[in-house]
Amino acid sequence: MNIPTKGECLMVMDQTHMPAHIRKHSMMVARASLYLGELLNRNSSRLDLHLLEAAALLHDIAKMKSIETGGSHSEMGAKMVADLGYLALAPIVRDHVTMDTERVRGPVTESVLVNYCDKRVKHDQIVNIKDRFDDLIARYAKTEASLKFLQEKYVLYVELEKRIFDHLNIDPNGAEFMGLSLGKTS
């Protein structure tokens with residue numbers, strides 16, 4: 001399985017001209033994902049931390065391209081990482097924007113954890129799930145249907161958060177998690 005190192009992910013970010021704000025967001029999603037992944041692995045999960053970090057770093061690799069072309073950044077990003085030979089990352093990048101009841105109630109996988117952490121990171125800061133969805137609703141709920149969709153997703157993420165943190169002895173809104181930062185950035 002070809003999984004890029006952190007350094008290789010940073011080179012891909014450079015080669016694709018990922019803007020600094022998306023890079024910082026992706027690095028914070030990776031930081032949060034690794035933190036929770038390490039804690040879950042101490043509690044009998046078997047998450048591949050190398051895969052988790054790489055997928056989190058590259059989950060928004062096509063964000064700017066999608067803004068410019070109007071396409072799906074998750075689909076474009078999955079194709080980009082697959083074309084680079086990182087086939088294990090492609091489904092995680094593709095699925096980082098979708099959540100349904102089956103995934104919420106299934107195992108906490110690398111894909112589910114990157115998806116969850118992406119919803120907890122606003123720009124480059126960890127925020128609580130309600131604040132993040134309030135922001136998503138303010139930015140993207142342009143119709144009644146899109147508002148209803150985001151409200152339904154919020155309920156799913158609240159359930160997912162409970163499932164994840166039921167296995168941990170930290171609070172999802174406690175200082176241990178909310179206080180994570182990038183520190184020195186590469």
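Hydrogens, waters and symmetry mates are skipped; everything else that's a heavy atom, side chains included, is used. Remember, it's a predicted structure, so these values are computed and weren't measured experimentally.
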Keeping the roles fixed (side chain from Glu53, backbone from Lys6), state whether a donor-acceptor pair exists under 3.5 Å.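 No; judged by distance alone, with no hydrogens or angles, the pair does not exist.
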Okay, side chain of Asn115, backbone of Asp95: is any donor-acceptor separation there less than 3.5 Å?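 Answer holds: yes.
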What is the distance from atom [atom1] of [X] to atom [atom2] of [Y], rounded to the nearest 0.5 Å?
{"X": "Ile67", "Y": "Ile22", "atom1": "CD1", "atom2": "CD1", "answer": "5.5 Å"}
{"X": "Leu156", "Y": "Asp100", "atom1": "CG", "atom2": "CG", "answer": "7.5 Å"}
{"X": "Ser44", "Y": "Arg42", "atom1": "OG", "atom2": "CZ", "answer": "13.5 Å"}
{"X": "Met76", "Y": "His73", "atom1": "CE", "atom2": "NE2", "answer": "10.0 Å"}
{"X": "Leu52", "Y": "Ile92", "atom1": "CG", "atom2": "CD1", "answer": "7.5 Å"}
{"X": "Cys9", "Y": "Leu89", "atom1": "SG", "atom2": "CG", "answer": "6.5 Å"}

Lys153, NZ: over 12 other non-hydrogen atoms inside 6.0 angstrom: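 Check passes, neighbour count above 12.
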Evaluate whether atom CG of Asp166 has more than 12 neighbouring non-hydrogen atoms of other residues, nucleotides or ligands under 6.0 angstrom away.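 More than 12 within 6.0 Å, yes.
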Under 3.5 Å donor-acceptor pairs involving side-chain atoms of residues 28-38, not counting sequence neighbours:
from, atom 1, to, atom 2, distance (Å)
Arg31, NE, Ser181, O, 3.4
Ser33, OG, Val29, O, 2.8

Which atom of [X] lies closest to which atom of [Y], heavy atoms considered:
{"X": "Leu47", "Y": "Leu113", "value": "CD1-CD2, 3.9 Å"}
{"X": "Met64", "Y": "Pro19", "value": "CG-CG, 3.1 Å"}
{"X": "Tyr140", "Y": "Leu150", "value": "CB-CD1, 4.2 Å"}
{"X": "Met99", "Y": "Leu160", "value": "CE-CD2, 3.8 Å"}
{"X": "Ala55", "Y": "Val114", "value": "CB-CG2, 4.3 Å"}
{"X": "Asn128", "Y": "Met178", "value": "N-CE, 3.7 Å"}

Any residue meeting salt bridge (charged side-chain N to carboxylate O under 4.0 Å, His left out) with Glu176, in chain and number order, not counting sequence neighbours: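 By the salt bridge (charged side-chain N to carboxylate O under 4.0 Å, His left out) rule, Glu176 matches no residue at all.
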Report the residues that fulfil salt bridge (charged side-chain N to carboxylate O under 4.0 Å, His left out) with Asp134, sequence neighbours left out, ordered by chain and then residue number.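 With sequence neighbours excluded, Asp134 shows a salt bridge (charged side-chain N to carboxylate O under 4.0 Å, His left out) to Lys130, given in chain and number order.
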What about [X] and [Y], same hydrophobic cluster or not, with Ile/Leu/Val/Met/Phe/Trp/Tyr joined at side-chain heavy-atom distances under 4.5 Å?
{"X": "Leu87", "Y": "Ile3", "value": "no"}
{"X": "Met11", "Y": "Leu58", "value": "no"}
{"X": "Val97", "Y": "Val112", "value": "no"}

Classify the angle between the aromatic ring planes of Phe133 and Tyr157 as parallel (below 30°), tilted (30 to 60°) or perpendicular (above 60°).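 The rings of Phe133 and Tyr157 sit tilted, inter-plane angle from 30° to 60°.
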Decide, yes or no, whether a salt bridge links Arg120 with Glu161 under the criterion of side-chain N to carboxylate O below 4.0 Å.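 Looking at Arg120 and Glu161, the cut-off is met.
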Are Asp14 and Arg23 close enough for a salt bridge, meaning some N to O gap below 4.0 Å?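 The answer is yes: the pair qualifies as a salt bridge.
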Any residue meeting side chain to side chain contact (heavy atoms under 4.5 Å, CB included) with Val127, in chain and number order, not counting sequence neighbours: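 Partners of Val127 under the side chain to side chain contact (heavy atoms under 4.5 Å, CB included) test: Lys122, Asp131, Arg132.
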Ile170 and Phe165: CA distance, side-chain angles, deciding distance, side-chain contact (heavy atoms from CB on, under 4.5 Å) verdict: CA-CA 7 Å; Ile170 64 168; Phe165 283 86; 3.8 Å; yes
Under the side chain to side chain donor-acceptor pair (under 3.5 Å) rule, collect the residues that match up with Arg105, sequence neighbours excluded.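 Side chain to side chain donor-acceptor pair (under 3.5 Å) list for Arg105, sorted by chain: Glu159.
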Answer whether the closest heavy-atom distance between the side chains of Met27 and Asp124 falls below 4.5 Å.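 Met27 vs Asp124: side chains apart.
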Pairing donors with acceptors under 3.5 angstrom, does anything connect the side chains of His25 and Asp118?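 The criterion, which ignores hydrogens and geometry beyond distance, is satisfied for Asp118 and His25.
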Out of His96, Arg103, His59, which residue meets the side chain to side chain donor-acceptor pair (under 3.5 Å) rule with Ser111?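 It is Arg103, the one option of His96, Arg103, His59 that forms the side chain to side chain donor-acceptor pair (under 3.5 Å) with Ser111.
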Can you pull out every salt bridge (Lys or Arg N to Asp or Glu O under 4.0 Å) where at least one residue sits in residues 70-93? Sequence neighbours excluded, please.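 Passing the test, one end in residues 70-93: Lys79-Asp83.
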